[in-house]
Peer 1: 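Sharing a structure with you now.
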Amino acid sequence: MLAGVRFVPRLTSTAARNLHTTRMAPVAVGDSIPSVDLFENTPGNKVNIADLCKGKKVVIFGVPGAFTPGCSKTHLPGYVAKADEIKGKGVDEIVCVSVNDPFVMEAWGANQNVGDKVRMLADTGASLAKALEIDLDLSAVLGSVRCKRFSMLVEDGKVAKLNIEPDGTGLTCSLAEAII
């Protein structure tokens, strides 16, 4: 051995990845939906998103904020309008997720007349957004970390189709038309 030179073993990329406690890339097709509790209507009504997706075909779409213009004028109304068509293709549930409190999500759903077409789930602490690595710091404009605008088709707990807006907030690939 050379004097003063220390040998440091080099990890393979697989071994190095296994040492990380967080994902190294955002959610991808084939990934399992993480076990995260979201809230419907009240803080007492927890909905585990992984359990919700077991044995079902579920469309999940996420928006940066309830009552924001793009979300209220285009994104959510598109899923409400296309709900029958989407469910006609074998989808059991359509879920809207946003980093808000459950009361805001319930009020937004009532304001948008979602009825039983779309479930409105609150990701209160951005737990799902962070687990999927689609969190977006919008503190300067919306006051907190939010989720990127996305849509996904989940089949029996696995992501089968995924659309994440390239800039996180646009209205192109994550609209209802793109998931069906």
Side-chain angles (χ1 to χ4, degrees), residues 17 20 22-40 46-66 68-100 105 108-109 112 114-138 145-180:
R17 182 179 173 104
H20 290 276
T22 59
R23 298 172 56 98
M24 296 182 70
V27 62
V29 170
D31 287 352
S32 293
I33 290 296
S35 180
V36 173
D37 289 332
L38 303 175
F39 301 89
E40 188 170 32
K46 288 183 183 178
V47 177
N48 183 283
I49 196 70
D51 291 345
L52 175 73
C53 294
K54 281 183 190 164
K56 294 182 184 174
K57 200 172 186 181
V58 180
V59 167
I60 303 171
F61 69 100
V63 298
T68 59
C71 303
S72 292
K73 292 178 182 175
T74 306
H75 211 180
L76 178 56
Y79 280 91
V80 173
K82 299 266 185 194
D84 291 338
E85 184 180 347
I86 293 169
K87 290 180 178 178
K89 296 189 181 228
V91 171
D92 298 295
E93 301 217 42
I94 302 170
V95 175
C96 176
V97 176
S98 184
V99 178
N100 277 291
M105 291 299 286
W108 188 38
Q112 294 287 311
V114 300
D116 62 355
K117 293 182 176 193
V118 177
R119 290 183 73 175
M120 306 296 287
L121 301 184
D123 185 10
T124 55
S127 300
L128 180 63
K130 290 174 184 174
L132 297 173
E133 289 203 7
I134 55 172
D135 49 313
L136 182 64
D137 187 356
L138 294 175
V145 170
R146 301 298 180 113
C147 74
K148 292 179 180 178
R149 192 179 303 277
F150 74 94
S151 64
M152 65 172 68
L153 175 64
V154 179
E155 295 180 0
D156 193 23
K158 299 257 187 207
V159 178
K161 186 174 183 181
L162 177 65
N163 305 304
I164 301 172
E165 292 294 344
D167 68 354
T169 61
L171 288 160
T172 58
C173 67
S174 65
L175 299 175
E177 296 79 11
I179 205 69
I180 51 178

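Any value given below was found using the heavy atoms of this structure, including those in side chains, with hydrogens, waters and symmetry copies removed. Position 1 is the first residue of the sequence; numbering continues from there.
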Peer 1: Walk me through it: do F150 and I60 pass the test side chain to side chain contact (heavy atoms under 4.5 Å, CB included)?
Peer 2: CA-CA 8 Å; F150 74 94; I60 303 171; 4.0 Å; yes
Peer 1: First locate atom NZ of K73, then atom CD of Q112, and finally report the distance between them rounded to the nearest 0.5 Å.
Peer 2: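 Between atom NZ of K73 and atom CD of Q112 there are 11.0 Å.
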Peer 1: Please step through side chain to side chain contact (heavy atoms under 4.5 Å, CB included) for the pair V97 and L38, ending with a clear verdict.
Peer 2: CA-CA 8 Å; V97 176; L38 303 175; 4.0 Å; yes
Peer 1: Judged by atom type as modelled, is there a donor-acceptor pair below 3.5 Å linking the side chain of N100 to the main-chain atoms of A122?
Peer 2: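 Checked: no pair found.
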Peer 1: Under 3.5 Å, sequence neighbours excluded: what are the donor-acceptor pairs made by side chains of residues 172-180?
Peer 2:
from: T172; atom 1: OG1; to: E165; atom 2: OE1; distance (Å): 2.5
from: S174; atom 1: OG; to: H75; atom 2: NE2; distance (Å): 3.4
from: S174; atom 1: OG; to: E165; atom 2: OE2; distance (Å): 2.8

Peer 1: When you compare the side chain of F61 with that of L76, does any pair of heavy atoms fall below 4.5 Å?
Peer 2: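 With C-beta onward as the side chain, the pair touches.
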Peer 1: Atom SG of C53 and atom CG of L153: how far apart are they, to the nearest 0.5 Å?
Peer 2: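 One gets 9.5 Å once the value is rounded to the nearest 0.5 Å.
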Peer 1: Provide the closest heavy-atom pair for I164 versus K148 in the form atom of the first, atom of the second, distance.
Peer 2: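 That closest heavy-atom pairing would be CG2-CD, 4.2 Å.
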Peer 1: Would you name the heavy atoms of M120 and M105 that are closest together and state the gap between them?
Peer 2: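 Closest pair (atom of M120, atom of M105, distance): CB-O, 3.7 Å.
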Peer 1: Looking at K158 and S32, what are the two nearest heavy atoms and their distance?
Peer 2: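 Between these two residues, the closest heavy atoms are NZ-OG, 3.1 Å.
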Peer 1: Taking all non-hydrogen atoms of both residues, which atom of A50 and which atom of S35 are closest, and how far apart?
Peer 2: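 Smallest interatomic distance, heavy atoms only, reads CB-CA, 3.7 Å.
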Peer 1: So how far is it from I134 CD1 to L162 CG, rounded to the nearest 0.5 Å?
Peer 2: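 Between I134 CD1 and L162 CG, I get 7.5 Å after rounding to 0.5 Å.
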Peer 1: Rounded to the nearest 0.5 Å, what's the gap from CE on M152 to CG on D31? Could you check?
Peer 2: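 With rounding to 0.5 Å, CE (M152) is 9.0 Å from CG (D31).
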Peer 1: Which residue, V91, I33, V95, forms the side-chain contact (heavy atoms from CB on, under 4.5 Å) with V58?
Peer 2: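 One option only clears the test, and that one is V95.
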Peer 1: When rounded to the nearest 0.5 angstrom, what is the spacing between CG in L128 and OG in S98?
Peer 2: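 That separation rounds to 11.0 Å.
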Peer 1: For the residue pair V159 and A28, what are the closest heavy atoms and their distance?
Peer 2: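 Taking V159 first and A28 second, the nearest heavy atoms are CB-O, 3.7 Å.
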Peer 1: Strictly distance-based, threshold 3.5 Å: is any side-chain N or O of R149 a donor or acceptor partner for the main-chain N or O of G170?
Peer 2: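 Indeed, once roles are kept as given, a pair shorter than 3.5 Å links the two residues.
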Peer 1: Could you check if a side-chain atom of Y79 sits within less than 4.5 angstrom of a side-chain atom of V59, using non-hydrogen atoms only?
Peer 2: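 SC-SC contact between Y79 and V59 confirmed.
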Peer 1: For residues V29 and A160, report the shortest heavy-atom separation together with the two atoms involved.
Peer 2: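 Looking at all heavy atoms of both residues, the shortest contact is CG1-O, 3.7 Å.
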Peer 1: CD of E40 to CG of L52: how many Å apart, nearest 0.5 Å?
Peer 2: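 Going from CD on E40 over to CG on L52, the span is 8.5 Å.
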Peer 1: Who pairs with K56 by salt bridge (charged side-chain N to carboxylate O under 4.0 Å, His left out), at least two apart in sequence or on another chain?
Peer 2: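 Here the qualifying residues are E93.
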Peer 1: State, with a plain yes or no, whether a side-chain heavy atom of K82 is found less than 4.5 Å away from one of I94.
Peer 2: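 No. Closest side-chain heavy atoms not under 4.5 Å.
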